[in-house]
Every structure is written in structure tokens, then in C-alpha cells.
Amino acid sequence: MIQYNVLVLGSGAREHALAWKIKQSSKVKNLYVAPGNAGTDLIANNLPIDILHFEQVKQAIIEHKVNMVVVGPEEPIVNGITDYLISQPETKDCYIIGPLSNGAKLEGSKSWAKQFMLKYNIPTARYHIVTKQNLNEGKNFLKTFEPPYVLKADGLAAGKGVMILHDFHEACIEMEAMLNGKFGKASETIVIEQFLKGIECSYFILTDGNKYLILPEAKDYKRVGEGDTGLNTGGMGAISPVPFINEELRKKINELVVHRTVYGLLHEKINYKGFLFIGLLISNNHPYVIEYNVRLGDPETEVILPRINTDIVELFERLFDGTLDQAKLEIDPNYSVCVVAASKGYPLQFEKGKVIHGLEQSMSTVFHAGTTVKDTNVITSGGRVLVVSDKALTLKEAKQKVYSSLKQIYFDNIYYRHDIGFEF
Ligand code: AMP
Ligand code: GLY
């Protein structure tokens with residue numbers, strides 16, 4: 001049996017959860033996370049490198065004889081880390097879980113993703129692509145919609161590139177600001193689209209660009225405040241499975257969205273090896289794609305990986321030997337819930353450097369996000385600090401387990417939502 005030296009790139013709770021799952025595999029010899037956090041430090045070897053400097057990643061691969069790399073966040077993927085590593089003689093044989101830059105356009109260019117959806121008849125909101133050259137056309141297109149108006153920066157804008165505006169004139173002003181560089185190069189092109197009303201759901205697949213496995217879906221709670229109020233964040237908690245995804249809807253999603261998406265990748269000759277996150281909006285019992293992400297979601301990963309019983313390294317291996325269709329994906333039918341413990345003030349200003357207490361007592365799994373080690377203490381180092389995750393037969397019990405574990409954890413200015421999964 002081949003044994004792998006695996007390197008996970010990233011430093012959030014998603015990467016801690018990936019490392020935690022990979023660590024359970026019998027196929028792993030050594031596990032590294034770069035740069036990692038105080039949580040990954042307990043289960044793997046953290047490597048203090050800058051993952052946006054691909055040369056540093058290459059050197060780490062050579063030094064530690066890494067033969068499998070799992071890329072967590074989108075930025076290195078969209079910047080071409082996979083292309084770089086397979087072009088280098090020393091790293092070309094390494095298995096890289098993360099698409100090449102042609103596949104990364106699904107997330108890296110919203111206009112490209114919309115054209116892809118149109119071409120492969122994948123349901124999505126009606127849209128128009130606008131640059132400075134056709135600004136007036138864009139304004140006329142906006143007039144064909146009722147408010148609110150949705151404007152999206154074409155490129156990566158640190159999760160802030162989507163603007164939803166309620167007034168036509170405000171939307172026109174915003175459109176000009178975006179085209180004039182509000183998000184730098186990312187908003188030199190923008191996508192205007194129809195506002196869809198409905199419920200969001202995060203869908204995930206693992207694909208080799210031809211075959212695919214559908215992973216458990218999740219619902220993410222993006223707003224900072226209880227009852228889904230306040231500012232948008234990276235995500236304050238998640239649940240899986242999502243109770244409103246019934247069999248009929250699942251069939252529609254699989255046929256109209258997943259199947260057509262992978263067919264599109266194959267037809268475009270995009271050799272996509274990795275996770276694909278499909279952001280869905282369910283409106284009148286029909287799925288629409290709001291966005292593609294070329295990675296797993298955070299905090300969704302912290303509820304979906306605990307529900308996958310299959311050895312994840314074996315699944316990664318199958319992406320490269322063409323046997324993904326032979327995988328037996330075992331999914332735990334239990335409910336999984338996670339809640340993010342953040343620094344008060346997040347997603348705006350917050351303090352760092354607070355000592356975290358009570359981690360050892362937790363009965364639930366605690367994935368670290370913004371944490372680091374100082375002297376012998378684990379301290380806060382980011383907005384989202386920890387993600388507490390647990391499972392149970394019912395959603396209610398899973399929530400109870402997570403919230404009772406959270407009561408044991410303390411740091412100055414800890415903030416979390418008390419209502420994750422409130423609608424169900
Ligand atoms: P995105 O960055 O593409 O995930 O968009 C951020 C958020 O904007 C999504 O999670 C949705 O809540 C919202 N959104 C994006 N596109 C639309 C749309 N066409 N209709 C309604 N809401 C949208
Ligand atoms: N939780 C949403 C994301 O990862 O983009």
C-alpha cells in the first residue's frame with residue numbers, strides 16, 4: 001500500500017477539519033499543514049511558509065518528501081498553484097487536490113462562470129456582463145429588473161464583491177464605483193443579475209473532472225446576528241444534512257446542476273481534480289446556482305467531513321487512478337451542527353491575543369480557526385477563533401451538545417450565535 005506524506009495548505013478551521021479527517025486514514029505516513037494554527041499543531045507538523053509564494057510550497061514539498069497536497073483556500077488555486085507545481089520537475093508527480101487555473105475560473109471569474117452555466121443549461125439567475133465600455137447598456141439592463149439589484153465583482157474580492165442594493169440610482173452609483181476600481185482589478189468587469197428569492201444551500205462534490213461523488217450538503221449561517229441579521233461574515237455556523245432538501249429536490253439538483261456541471265467540465269477539457277462547492281438558491285422548489293467555489297466551504301467543512309466515514313485519502317487517490325466510481329462513500333445519517341466562536345466585533349474591528357480556556361474539557365470536536373500558541377497558552381489571533389462541532393440522531397440533540405460544549409470554553413470577548421439551525 002502506498003503511504004502518503006500529505007500537506008494541507010491553509011490556516012482556518014476548514015484546514016484543521018481536513019487535517020483531522022486525513023489523520024484518520026491508514027494511508028498517511030506524515031501530515032503537514034502550512035501555515036496551520038494552534039489546532040493543527042496538535043495533530044500535524046505546522047510549516048511556517050507563505051502559501052501564496054509557490055516557490056516556498058515547492059521547497060516544503062521537496063524537503064518533506066510530500067506526495068499529496070490538499071489546497072484549502074481559493075486564493076492559491078485561482079493564482080495557479082496547481083499549474084505551477086505540476087510544471088516543476090521536482091513536484092510534477094505530486095497529487096494536488098485542487099484544480100488547475102482553467103477550472104479555477106469557475107470561482108475566479110463570475111462572468112466566465114455565468115457563461116459556462118448558460119452554455120451547459122445550468123439553472124441560474126438572468127444576468128448581464130458590464131465593463132466601462134457598456135456602462136449604459138448595464139444601466140438599461142438594470143431597469144428590466146425590480147429591486148433589489150445584485151452587482152458582483154468578476155474576480156476574487158475577499159468575499160466582499162457582491163453588493164445588493166435596493167434603489168436604482170444607488171445601484172447605478174455603485175456600478176460606476178465598482179468599475180472605477182472599488183475592488184481593484186476584480187471589479188473592472190461586473191455581473192449584474194436578477195435577485196432570486198429563496199433559501200440557500202451549499203452543495204459539494206469531489207470530482208476528477210469526469211466522475212464525481214456527491215458529498216453531504218450543508219446550510220451555512222452567514223449573518224453575524226441571531227435570526228440572520230446584521231453584517232455578512234465568512235459563516236457563523238452550519239448544519240448538515242439540510243432538512244428541506246427532500247428526495248425530489250435532490251434529484252433535480254443532481255440532474256440539472258451537478259451532472260450538467262461535470263459534463264461541462266469534461267466538454268471544456270478542464271481536467272478538474274478536487275472539491276467543487278456549488279452555492280445553490282432554492283426558489284419555488286427549483287435549484288439555481290448562485291456561485292461556484294473551487295474549494296470546500298468554511299464552516300460547512302466542519303459539519304460535512306464528520307459525516308463522511310470513508311477514508312478521505314483513499315478518495316483523493318482515486319481522483320488520480322481513475323477509480324472514483326468504485327469508491328463506496330459511506331455517509332453518517334446523523335445530524336451534524338457546528339457553531340463558530342468569534343472575537344466580539346467580527347467581521348469589523350476585534351481584539352486579538354486573548355487566552356483561550358477550557359479547550360481540553362470539550363466533549364465536542366473543536367476545530368481551530370484564528371488561534372496561535374504563545375508561551376504555553378493558546379491565544380486568539382483572528383475574527384473567527386474556534387468552531388465547535390458535534391453529531392447526534394436529531395438536529396435538536398446535536399445543537400444541545402454543541403452549545404453545552406461551548407459553555408465550557410472561554411476567552412475575553414467571546415461571541416457566538418445561539419440560534420444555529422433555528423428554523424428547523
Ligand atoms: P456570493 O459571494 O456569490 O456567495 O454572494 C453572496 C451572497 O449574496 C449570497 O450568499 C446570497 O445571499 C446573495 N446573492 C448572490 N446572488 C444572488 C442572487 N442572484 N439573488 C439573491 N441573492 C443573491
Ligand atoms: N461559508 C461560505 C464559504 O466558504 O464561502
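In listed order, ligands and their atoms are each counted from 1.
Remark: Lys401 is not positioned above the aromatic ring of Tyr403, lacking an NZ or CZ atom under 6.0 angstrom from the ring centre and at most 45 degrees off the axis.
Near Gly234, with a cut-off below 4.0 Å to any heavy atom, the atoms of ligand 2 are 1 (N), 2 (C). In summary, the atoms of ligand 1 found under 4.0 Å from a heavy atom of Glu193, numbered by their order in the structure, are 16 (N), 17 (C), 18 (C), 19 (N). Within ligand 2, counting atoms from 1 as listed, the ones closer than 4.0 Å to a heavy atom of Asp220 are 1 (N), 2 (C). Shown in contact with Lys152 at under 4.0 Å from a heavy atom are these atoms of ligand 1, numbered in order with element: 3 (O), 15 (C), 16 (N). Per-residue contacts place Lys110 under 4.0 angstrom from the following atoms of ligand 1 (heavy atoms of the residue considered): 3 (O). Near Gln194, the atoms of ligand 1 lying under 4.0 angstrom from a non-hydrogen atom of the residue are 18 (C), 19 (N), 20 (N). Remark: ligand 2 atoms within the under-4.0 Å shell around heavy atoms of Gly297 are 4 (O). Residue Ile290 approaches ligand 1 through these ligand atoms, each under 4.0 Å from one of its heavy atoms: 14 (N), 15 (C), 16 (N), 17 (C).
Of the N and O atoms on the side chains of Asp154 and Thr189, not one donor lies less than 3.5 Å from an acceptor on the other residue. Ser343 and Asn413 are not linked by any side-chain donor-acceptor pair at a separation below 3.5 angstrom, with hydrogens and angles left out of the test. Gln408 and Ser362 form no side-chain donor-acceptor contact under 3.5 Å, judged by distance and modelled atom types alone. Donor-acceptor pairing under 3.5 Å is recorded for the side chains of Tyr4 and Glu317.
Taking 4.0 Å as the cut-off, Gly235 does not count as a neighbour of ligand 2 on heavy-atom distance. For Lys197, the closest heavy-atom approach to ligand 1 does not fall below 4.0 Å. Ligand 1 lies nowhere less than 4.0 angstrom from a heavy atom belonging to Asn232.
The existence of a salt bridge linking Glu193 and Lys152 is confirmed by a sub-4.0 Å separation between a basic side-chain nitrogen and an acidic carboxylate oxygen. Using a 4.0 Å cut-off between charged side-chain N and carboxylate O, Glu188 and Lys132 make no salt bridge. A salt bridge does not link Lys219 with Glu300: none of the charged nitrogens is closer than 4.0 Å to a carboxylate oxygen.
Note on ring orientation: taking the six-membered ring where Trp is involved, the planes of Tyr84 and Phe54 are tilted (angle from 30° to 60°). Using cut-offs of 30° and 60° for the angle between ring planes, the Phe316 and Phe275 rings count as perpendicular.
Residue contacts with ligand 1: Leu281 is placed with no nitrogen or oxygen under 3.5 Å of a nitrogen or oxygen of the ligand (distance criterion only). Where the criterion is an N or O separation shorter than 3.5 Å, residue side chain and backbone included, Glu300 meets it with respect to ligand 2.
Looking at atom 22 (N) of ligand 1, its nearest protein heavy atom turns out to be Phe195 CE1, 3.8 Å. Of all protein heavy atoms, the one lying nearest to atom 13 (C) of ligand 1 is Ile164 CD1, 3.8 Å. For atom 11 (C) of ligand 1, the closest heavy atom belonging to the protein is Glu200 OE2, 3.1 Å. For atom 4 (O) of ligand 1, the closest non-hydrogen atom on the protein side is Glu291 OE2, 2.8 Å. Taking atom 5 (O) of ligand 2 as the reference point, the nearest protein heavy-atom neighbour is Arg295 NH2, 3.0 Å. When only non-hydrogen protein atoms are considered, atom 20 (N) of ligand 1 lies nearest to Leu196 N, 2.8 Å. The shortest contact between atom 8 (O) of ligand 1 and any protein heavy atom is with Val162 CG1, 3.7 Å.
For Tyr263 and His267, the distance between ring centers is under 6.0 angstrom. Between Phe145 and Tyr149, the gap from one ring centroid to the other reaches at least 6.0 Å.
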